[in-house]
**Q** 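The structure's right below; bear with me while I get my questions together.
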Amino acid sequence: MSQMILNIILFVLLVWFFASRFIPPKGVRMITTAELKRRLKEPGVQYIDVRTPLEFQSYHLPGFRNIPLHELTARAHELSKEKEVIVICQSGMRSQKASRLLKKMGFQHVTNVKGGLNAWQ
């Protein structure tokens, strides 16, 4: 009986772990790369690429600024909390983490690009 309860608890924790990684953070808007293409020249939007400097240097979208994920907390003061921040990375995982972090720091309008640059066509 106790083994079954332990298995249930482990299963619930495993589901919670994966759900928290793949479900978008509350308050973060998700857009596709097609939507991003339409929005790229909008004024007043902050476009942030959270990949490493080397990844950014090898290829990046025009208009995006590089603030690597590991530097985001220290450099968040460079961004306006009132303006929308659109975040991208290679696959969408780091940008999702960055989006969650920005929301926790009080940024009002955070948008994550689903699939990241891998989805860019």
Side-chain angles (χ1 to χ4, degrees):
M1 180 72 157
S2 63
Q3 181 65 34
M4 186 170 77
I5 292 172
L6 184 60
N7 286 342
I8 291 170
I9 292 171
L10 287 174
F11 177 76
V12 169
L13 287 173
L14 189 63
V15 168
W16 174 81
F17 174 78
F18 282 108
S20 68
R21 299 294 182 256
F22 296 105
I23 294 174
K26 186 175 181 167
V28 173
R29 185 166 177 250
M30 301 293 282
I31 63 171
T32 64
T33 54
E35 290 173 272
L36 175 61
K37 285 179 185 180
R38 290 190 294 272
R39 300 200 53 205
L40 267 179
K41 305 234 184 207
E42 282 185 21
V45 177
Q46 304 166 104
Y47 299 97
I48 305 300
D49 186 324
V50 294
R51 296 176 302 148
T52 66
L54 188 57
E55 289 174 296
F56 184 80
Q57 187 178 20
S58 68
Y59 176 75
H60 63 273
L61 298 176
F64 273 81
R65 182 170 151 202
N66 186 224
I67 301 180
L69 179 59
H70 70 278
E71 296 178 8
L72 188 57
T73 302
R75 294 181 57 192
H77 68 276
E78 298 174 21
L79 303 169
S80 169
K81 289 186 177 184
E82 288 75 42
K83 293 181 179 179
E84 181 178 11
V85 181
I86 296 181
V87 188
I88 198 167
C89 68
Q90 192 64 43
S91 67
M93 296 302 289
R94 284 177 282 182
S95 60
Q96 186 167 315
K97 287 179 186 178
S99 297
R100 184 176 281 118
L101 185 59
L102 289 168
K103 284 303 283 187
K104 285 181 183 177
M105 289 190 286
F107 284 79
Q108 300 298 310
H109 309 286
V110 181
T111 302
N112 182 37
V113 180
K114 288 188 270 185
L117 289 171
N118 288 343
W120 188 262
Q121 298 172 2

**Q** Do Gln90 and Tyr59 have side-chain heavy atoms sitting under 4.5 Å apart?
**A** no
**Q** Which atoms form the tightest heavy-atom contact between Met105 and Lys81, and what is the distance?
**A** O-NZ, 2.7 Å
**Q** Taking all non-hydrogen atoms of both residues into account, name the closest pair between Ser58 and Glu55 and its distance.
**A** OG-O, 2.8 Å
**Q** Hey, does the side chain of Lys41 reach the backbone of Gly63 with a donor-acceptor pair shorter than 3.5 angstrom?
**A** no
**Q** Are the side chain of Gln46 and the backbone N or O of Ser80 linked by a donor-acceptor pair below 3.5 Å?
**A**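 Present.
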**Q** State, yes or no, whether a side-chain contact exists between Leu61 and Leu36 at a heavy-atom distance under 4.5 Å.
**A** yes
**Q** Answer yes or no: is there a donor N or O on one side and an acceptor on the other, between the side chain of Lys114 and the main chain of Thr33, under 3.5 Å?
**A**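 No, the answer is negative, given that no donor and acceptor are paired below the 3.5 Å cut-off.
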**Q** Find out whether Arg51 and Leu117 are in side-chain contact, i.e. whether some heavy atom of one side chain is under 4.5 Å from a heavy atom of the other.
**A**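 Arg51 reaches Leu117 side chain to side chain.
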**Q** Hey, does the side chain of Asn66 reach the backbone of Asp49 with a donor-acceptor pair shorter than 3.5 angstrom?
**A** yes
**Q** List the steps and the verdict of side chain to side chain donor-acceptor pair (under 3.5 Å) for Asn112 and Ser95.
**A** CA-CA 6 Å; Asn112 182 37; Ser95 60; 2.4 Å; yes
**Q** Below 4.5 Å, heavy atoms only, C-beta onward: do Ile88 and Ile86 meet side chain to side chain?
**A**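 Sidechains of Ile86 and Ile88: no contact.
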**Q** Please lay out, stage by stage, how Arg38 and Ile31 fare under the test side chain to side chain contact (heavy atoms under 4.5 Å, CB included).
**A** CA-CA 11 Å; Arg38 290 190 294 272; Ile31 63 171; over 6 Å; no
**Q** How long is the span from the CZ atom in Arg39 to the CD atom in Glu84, to the nearest 0.5 Å?
**A** 4.0 Å
**Q** Between Glu71 and Leu69 (side chain of the first, backbone of the second, donor and acceptor by atom type, cut-off under 3.5 Å), is there such a pair?
**A** no
**Q** With side chains defined as the heavy atoms from C-beta onward, is the minimum distance between Val28 and Phe107 less than 4.5 Å?
**A** no
**Q** Apply the test side chain to side chain contact (heavy atoms under 4.5 Å, CB included) to residues Leu79 and Ile67: give CA-CA distance (whole Å), side-chain angles for both, the deciding distance (0.1 Å), then the verdict.
**A** CA-CA 10 Å; Leu79 303 169; Ile67 301 180; 4.2 Å; yes
**Q** Side chains of Ser99 and Arg29: does their closest heavy-atom pair fall under 4.5 Å?
**A** no
**Q** OG1/Thr73 to NZ/Lys104 distance, rounded to the nearest 0.5 angstrom?
**A** 10.0 Å
